[in-house]
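For reference, the structure is listed below as structure tokens.
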Amino acid sequence: MCRPASKPYCPGEGESVLRILLPGPLNLEVTLECGQAFRWEKVQGSRGIAYKGVVGAYSVMLSLCDVSGTCGEKDAGREFPCLLVSFDPVVVKGTTREMLADAVFRYLSLDDDLDTIETTLIEKDQIMRKALEFSRGLRLLRQDPWECLASYIISVHNNIPAIRRVISYLSKQLGEPTGLREYSFPAPRAILSNPAVLDLARCGFRKEYLLDAARKVDGGEVDLSALGEMPVEKAASELMKIKGVGPKVADCVLLFAYHRLEVFPVDVWILRAMSRFYFGGRQISTKTAREEGIRRFGKFAGYAQEHLYHYVRNSFGL
DNA sequence: AAACAGGTGCTAA
DNA sequence: TTAGCACCTGTT
């Protein structure tokens with residue numbers, strides 16, 4: 001049997017399924033439905049509930065093997081269950097199973113040491129401890145930067161069903177097939193050459209924002225491949241060269257695509273939560289909320305933010 | 001019917 | 001630097 005550290009996947013589950021031995025906790029449902037990514041769809045798979053979505057150039061269906069199943073493995077008295085990844089062999093042809101497993105492993109940030117992160121946050125304060133109880137095993141993803149950027153531009157002053165609809169439509173119209181009847185999010189150039197599709201997608205006033213983003217990314221004025229190497233503030237100001245990208249969208253991209261765990265995106269929910277929990281209900285600015293989040297939660301502020309977000313959305317009527 | 005939804009750009013102090 | 005307002009579109 002393979003072990004998490006040395007060999008992250010196990011072949012032999014069949015032609016179009018691979019298994020990834022989980023090196024730590026993973027709450028698939030919270031991770032994929034907490035709102036950091038917009039495209040995952042809950043489906044009824046052959047083995048029960050699964051999530052269908054796109055990782056890189058390929059569609060996959062993700063599910064956890066059941067606790068009583070035989071595919072988990074004990075190591076040092078601790079059980080590590082498996083993640084099942086099924087894919088379309090026709091589309092994946094030419095890619096090795098190792099490469100696909102690595103892509104999923106990286107996308108889900110299975111290398112993050114959740115025990116350390118969650119323990120650190122729980123010790124911060126009682127609010128965070130309560131919040132953590134609702135979303136243990138949540139992992140911040142490493143999404144594709146362009147798709148993430150475009151998605152959060154679309155999210156501006158919008159609601160989640162509408163956001164999902166727009167992204168889904170654009171992908172279907174302009175993206176590449178990725179198997180399982182899904183399509184990749186369209187590249188900047190695909191959008192630039194079919195701007196009318198943005199109207200059909202009903203993205204409203206965000207159309208000009210998306211076009212500006214596509215132009216600046218395609219033209220190299222904003223170099224997405226260079227952002228990972230920059231200090232966060234510098235990377236954020238690069239992103240904010242784009243019309244429609246302010247502090248909140250920039251922080252979301254840095255957190256959900258570049259895995260900059262020290263940022264603390266503030267939307268209306270986080271603003272309410274910070275005001276209520278840490279400022280006695282007093283009115284505060286988003287700037288104040290952001291600074292306080294970073295001050296309190298330090299290098300794991302991003303994880304704190306996501307747990308807090310999930311907490312206020314799912315257990316309060318704020 | 002009117003307000004609101006994962007903010008941002010613009011303008012005015 | 002900060003406050004106030006409009007904004008496509010869809011839903012309640």
Side-chain angles (χ1 to χ4, degrees), chain A residues 30-40 131 134-135 138 140-141 143 145 147-170 173 185 191 195-217 222 233 236-257 260 263-277 279 282-293 301-318:
Chain A
V30 172
T31 296
L32 299 179
E33 290 189 21
C34 70
Q36 57 176 324
F38 295 103
R39 299 193 65 190
W40 291 95
F134 282 80
S135 44
L138 181 159
L140 289 168
L141 303 171
Q143 301 181 49
E147 174 174 346
C148 188
L149 170 61
S151 297
Y152 277 89
I153 287 173
I154 292 166
S155 83
V156 170
H157 197 67
N158 211 347
N159 57 69
I160 291 174
I163 298 164
R164 292 173 64 96
R165 207 157 43 230
V166 172
I167 294 172
S168 168
Y169 184 86
L170 289 178
Q173 295 304 312
F185 188 81
I191 291 175
V197 177
L198 295 177
D199 293 317
L200 298 172
R202 327 280 343 228
C203 48
F205 66 86
R206 305 163 198 84
K207 176 186 180 183
E208 289 310 314
Y209 297 168
L210 278 172
L211 286 175
D212 192 56
R215 275 191 294 264
K216 285 175 176 155
V217 168
V222 174
E233 311 81 24
S237 62
E238 281 300 300
L239 287 168
M240 288 191 287
K241 286 180 179 172
I242 296 163
K243 213 168 301 174
V245 178
K248 194 271 180 178
V249 170
D251 278 352
C252 283
V253 174
L254 289 172
L255 184 57
F256 302 140
R260 293 297 188 100
V263 306
F264 191 82
V266 176
D267 58 41
V268 357
W269 292 94
I270 291 297
L271 183 65
R272 289 174 199 153
M274 293 298 286
S275 163
R276 172 168 181 160
F277 296 140
F279 292 87
R282 189 162 57 82
Q283 289 270 344
I284 54 171
S285 66
T286 61
K287 185 166 170 288
T288 303
R290 186 159 174 259
E291 288 166 353
E292 178 62 10
Y303 266 99
Q305 189 269 6
E306 212 50 24
H307 285 288
L308 210 48
Y309 179 77
H310 186 267
Y311 183 49
V312 293
R313 293 222 61 172
N314 295 93
S315 103
F316 273 89
L318 279 183

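Chain identifiers are assigned alphabetically (A, B, ...) following the order of the sequence lines, protein sequences preceding nucleic acid strands; residue numbering begins at 1 within each chain.
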* To do: Rounded to whole angstrom, note down the C1' distance from B/dC4 over to C/dC5.
  => 15 Å
Report, one line per pair, each donor and acceptor closer than 3.5 Å where one atom sits in a side chain of residues 160-169 of chain A; sequence neighbours left out.
unit_1, atom_1, unit_2, atom_2, d
A/R164, NH1, A/F38, O, 3.1
A/R164, NH1, A/W40, O, 3.4
A/R164, NH2, A/W40, O, 2.9

* Can you tell me if A/S135 uses its side chain to pair, donor with acceptor, with the backbone of A/L138 under 3.5 Å? -> no
* Asked: What residues, two or more places apart in sequence or in another chain, satisfy side-chain contact (heavy atoms from CB on, under 4.5 Å) together with A/S275?
  -> A/I284
Which protein N or O atoms sit under 3.5 Å from an N or O of nucleotides 11-13 of chain B?
none

* To do: Send over the distance from A/I153 CD1 to B/dG6 P, rounded to a whole Å.
  => 18 Å
* To do: Have a look at A/K207 and say if it touches a base, only the backbone sugar-phosphate, or nothing, with a 4.0 Å heavy-atom cut-off.
  => nothing
* Do A/Q36 side-chain atoms and A/C252 backbone N/O form a donor-acceptor pair below 3.5 Å? -> no
* Asked: Do A/Y309 and B/dG6 have a side chain to base donor-acceptor pair shorter than 3.5 Å?
  -> yes
* To do: Quote, to the nearest angstrom, the P distance that separates B/dT8 from C/dG10.
  => 22 Å
* To do: Starting from C1' on B/dT8, measure out to CG on A/L239 and report it in whole angstrom.
  => 15 Å
* Taking only residues two or more places apart in sequence, or in another chain, which ones meet A/D267 in a salt bridge (Lys or Arg N to Asp or Glu O under 4.0 Å)? -> none
* Residues in side-chain contact (heavy atoms from CB on, under 4.5 Å) with A/P247, at least two apart? -> A/M240
* Measure from the side-chain heavy atoms of A/S155 and tell me the nearest of B/dG6, B/dG7, B/dA5. => B/dG6
* Can you tell me, in whole Å, how much space there is between the P of C/dA3 and that of B/dG6? => 23 Å
* To do: Using a 4.0 Å heavy-atom cut-off across all strands, classify A/E208 as base, sugar-phosphate, or nothing.
  => nothing
* Name all pairs fulfilling the ring pair (Phe, Tyr, Trp, His ring centres under 6.0 Å) condition that reach into residues 236-256 of chain A, sequence neighbours left out, sorted by first residue then second. => A/Y152-A/F256
* Roughly how many Å is it from NZ in A/K243 to C1' in B/dG7, rounded to a whole number? -> 16 Å
* Measure the spacing between CD of A/E306 and OH of A/Y309 and express it to the nearest 0.5 Å. => 7.5 Å
* With a non-hydrogen cut-off below 4.0 angstrom, is A/P265 in contact with a base, only sugar-phosphate, or nothing? -> nothing
* Asked: To the nearest angstrom, how far is A/R290 atom CZ from B/dG6 atom P?
  -> 20 Å
* Asked: Is A/L198 touching bases, backbone alone, or none of the nucleic acid, heavy atoms closer than 4.0 Å?
  -> nothing
* Whole-Å distance separating the NZ atom of A/K248 from the C1' atom of B/dT8 -> 12 Å
* Structure fact -> For A/K207, the side-chain contact (heavy atoms from CB on, under 4.5 Å) test, sequence neighbours excluded, returns A/L198, A/D199, A/C203, A/L211
* Mind checking ring pair (Phe, Tyr, Trp, His ring centres under 6.0 Å) for A/F134 and listing every partner two or more places apart, or none if nothing turns up? => A/Y311
* Which is true for A/F256 with a 4.0 Å heavy-atom rule: it touches a base, it touches only sugar-phosphate, or it touches nothing? -> nothing
* Quick one: which of B/dT8, B/dG6, B/dA5 gets closest to the side chain of A/D267? -> B/dG6
* Structure fact -> Whether each nucleotide of nucleotides 6-12 of chain C has a protein heavy atom under 4.0 Å at its base (B), only at its sugar-phosphate (S) or at neither (-) is summarised, 5' to 3', as -BBSS--
* For A/K248, what residues pass the salt bridge (Lys or Arg N to Asp or Glu O under 4.0 Å) criterion, not counting sequence neighbours? -> none
* Structure fact -> Assert: residue with more 5' nearest nucleotide on DNA chain B, out of A/I160 and A/V245, is A/I160
* Stem regions touching DNA chain B, defined by at least 3 consecutive Watson-Crick or wobble G-U pairs below 3.5 angstrom -> B:2-5 with C:9-12, B:7-13 with C:1-7
* So what does A/I270 hit on the nucleic acid, given a heavy-atom distance under 4.0 Å: a base, only sugar-phosphate, or nothing? -> nothing
* State which residues pass side-chain contact (heavy atoms from CB on, under 4.5 Å) with A/E33; sequence neighbours excluded, sorted by chain then number. => A/E29, A/K42, A/Y51
* Would you mind reporting whether A/V197 and A/I191 have side-chain heavy atoms less than 4.5 Å apart? => no
* Structure fact -> Atom CD1 of A/I284 and atom C1' of C/dA3 are separated, to the nearest Å, by 16 Å
* Can you tell me the distance, in whole Å, between the CG atom of A/D212 and the C1' atom of B/dT8? => 13 Å
* Contact class for A/G35 (heavy atom, under 4.0 Å): base, sugar-phosphate, or nothing? -> base
* To do: Calculate the interatomic distance between A/D251 atom CG and B/dT8 atom C1'; express it in whole Å.
  => 14 Å
